[in-house]
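Here is the structure we will look at.
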Amino acid sequence: MRVISGERKGTRLKAVPGTATRPTTDKVKESLFNIIGPYFSGGKALDLYAGSGGLGIEALSRGCDEAIFVDRQPKAVQTIQENLQTTHYEEKGKVYRQDAKAVLEQLKLKQESFKLIFMDPPYYAEEHVAFLQLIDESDMLIDIGVIVCEHGSDVTLPERVGRFERIKEQRYSDVITISFYEYASIEE
């Protein structure tokens, strides 16, 4: 696992020890950033179920100003912190060791907003629709923002959730599909 592009291109990242976390492969990461970017001029990223922190760190390397990483597993939190040190992004990254829904509720109260939101829950605990609804109700995504939902290929996410519409769905294997959401365009 490595940073694919940007100012930290080529930097190796540690994976979370054990089998409880499955990292997004470099090939999938490169593809999804080519779809949503590939580079950014500022903004904040939110990496839910961050695992090793690879998606949020990639966003920082490609120009985001700040990233929030959320994972409740102690080994994942430690790995994210180590990867932030390796990439020298300790000042740009904030790590929460909590349940993703609890952090979303806290961010809602703080009226935080993000350019990029990554959701990669364990495939056996698909929570995308509930989180999309909460993000919509909270105005947590900026107008030009994108939500990236990694999910099992056996799951089909809705075309619309609240004000969000799925703009693309990319299947990477029999196991992994990524759905991309942004605010629906207003039709006159």
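Below, each value reflects all heavy atoms present in this structure, side chains not excepted, and no hydrogens, waters or symmetry copies.
- For Glu82, the side-chain hydrogen bond (donor to acceptor under 3.5 Å, both in side chains) partners are Lys14, Gln78, not counting sequence neighbours.
- A distance below 6.0 Å separates the ring centres of Tyr183 and Phe164.
- A donor-acceptor contact under 3.5 angstrom links the side chains of Ser153 and Thr177, judged on distance only.
- A cation-pi contact, defined as under 6.0 Å to the ring centre and within 45° of the axis, links Arg62 to Tyr39.
- By the 30° and 60° cut-offs, the orientation of the rings of His151 relative to His128 is perpendicular.
- Salt bridge status for Arg2 with Asp26: present, with a side-chain N to carboxylate O gap under 4.0 Å.
- Comment: Lys44 engages Glu112 in a salt bridge, judged by a side-chain N to carboxylate O separation of less than 4.0 angstrom.
- No hydrogens or angles considered: a donor-acceptor pair under 3.5 Å links the side chains of Glu7 and Tyr89.
- Judged purely by atom type and a 3.5 angstrom limit, Arg166 has no side-chain atom pairing as donor or acceptor with the backbone of Lys168.
- From Leu116, atom CG reaches atom CG of Leu46 across 10.0 Å, with rounding to the nearest 0.5 Å.
- The pair Asp139-Arg163 meets the salt-bridge criterion, with a side-chain N (NZ, NE, NH1 or NH2) lying under 4.0 Å from an Asp/Glu carboxylate O.
- Under 4.0 Å is where a charged nitrogen must lie from a carboxylate oxygen, and between Glu30 and Lys27 no such pair does.
- Two rings, from Phe33 and Phe118, have their centers less than 6.0 Å apart.
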